Amino acid sequence: MSTFDPPITVALDYASLDDAKRTLDVIGDKLRIFKVGLQLFTAAGPAAVREVTSRGFEVFLDLKAHDIPNTVAGAVSSAAGVGARLMTIHGAGGRASIAAALDATVDGRPEILVVSVLTSLDQGDLTEFGVGRTICDQVDAIAEIAAKEGAPGLVLAASEVARVRANHPELFLLVPGMRPAWASKGDQKRTGTPKQALQDGADLIVLGRAVTQADDPAGAVDRVLEEING
Ligand code: C5P
């Protein structure tokens, strides 16, 4: 599985490619990989991925595919075609969808990350869905399935990293819901600081609004880099 230095990706969560380009212009020299997610991909499509790769950066395509195996496999093969390095699928799509996604990769690309439990969900949400397990047990169950199927990575909240890292040294752990001390939580419920997540064993952390909504996005990235290196 790939490693990234620094171990940070910024989510280009914008309504237009022009907005994303402006952010790439100001923070591009600080990072190696950028996230293209549902908002930008829906607005700008594969051109958004190409914009990032044409600047020499890697793309984390965070479409969180949650569909039948055949459709997930199709999305993975299209993602390979546009040059995505990492891509997410939902673990809740089941074992067969994970297997189909892995089969559809081309020379191991994109590297598949399995979403365990969204960082915007808490125990109350799981109970409402009828999931009787604790969040920890649900994350562990999906980590187990992902690992058994041979998926290289897992997406999880900061609070679960230390435990999952201990149980699965082989998995690449991607952690969103990052909130430096100075950032607001927004709709995220299971948040953590970048420094703690990395100390606990995260391989890559996702920064969204803490950077994209900052008055000074470059300064916000610098502050996080200082925080994790300090
Ligand atoms: O703005 P914020 O830092 O909350 O953004 C987090 C980013 O990570 C968003 O782009 C969101 O789609 C993504 N993400 C998440 N929770 C997951 C997986 C991905 O928040 N479980």
Side-chain angles (χ1 to χ4, degrees), residues 4 7-16 19-20 23-24 27 31 33-44 48-49 52 59-66 79 84-93 98 101 110-123 125-126 129 131 135-136 138-143 146 151 153-161 164 171-198 202-215 217 220-221 223-224 227-228:
F4 301 94
I8 295 176
T9 180
V10 164
L12 300 171
D13 289 334
Y14 293 111
S16 80
D19 289 339
T23 293
L24 285 170
I27 64 171
L31 304 174
I33 178 164
F34 291 91
K35 172 187 141 156
V36 174
L38 285 174
Q39 185 181 16
L40 184 60
F41 197 76
T42 304
V49 177
V52 178
V59 170
F60 160 36
L61 189 59
D62 187 21
L63 300 183
K64 297 190 190 68
H66 186 178
R85 178 75 172 256
L86 309 177
M87 176 174 171
T88 45
I89 65 167
H90 262 289
I98 298 173
E111 293 169 298
I112 300 297
L113 307 177
V114 174
V115 177
S116 58
V117 177
L118 292 174
T119 43
S120 56
L121 301 179
D122 63 13
Q123 193 64 50
D125 295 304
L126 254 61
F129 295 151
V131 175
I135 287 193
C136 290
Q138 183 72 358
V139 170
D140 289 347
I142 293 178
L154 191 79
V155 184
L156 72 176
S159 47
E160 281 110 39
V161 173
V164 175
L171 284 177
F172 178 97
L173 301 182
L174 177 127
V175 184
M178 288 292 91
R179 291 295 179 270
W182 38 270
S184 93
K185 247 182 153 185
D187 58 353
Q188 299 283 23
K189 292 177 181 164
R190 287 156 43 243
T191 60
T193 67
K195 189 176 176 107
Q196 188 64 51
L198 291 167
D203 293 290
L204 186 65
I205 59 170
V206 187
L207 294 173
R209 286 161 286 186
V211 169
T212 56
Q213 306 290 311
D215 293 336
V221 172
R223 284 169 79 181
V224 174
E227 195 178 307
I228 65 178

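Since the structure is predicted, the reported quantities are computational estimates derived from the model, not experimental observations. Start at 1 and go down the list; that is how both ligands and their atoms are numbered.
- Using a 4.0 Å cut-off between charged nitrogen and carboxylate oxygen, R190 and D125 do not count as a salt-bridge pair.
- Inspection of the Q188 and S120 side chains reveals no N or O donor paired with an N or O acceptor under 3.5 Å.
- Y14 and T23 are linked by a side-chain donor-acceptor pair at a separation below 3.5 angstrom, with hydrogens and angles left out of the test.
- Taking the six-membered ring where the residue is Trp, H90 and H66 present tilted rings, their angle falling between 30° and 60°.
- Within 4.0 Å of ligand 1, heavy atoms belong to protein residues A11, D13, K35, D62, K64, L118, T119, V155, P176, R179, Q188, V206, G208, R209.
- Judged by distance alone, with hydrogens and angles left aside, the side-chain atoms of T193 form no donor-acceptor pair with the main-chain N or O of P180 at under 3.5 Å.
- Every residue meeting the salt bridge (Lys or Arg N to Asp or Glu O under 4.0 Å) condition with K64, not counting sequence neighbours, appears here in chain and number order: D62.
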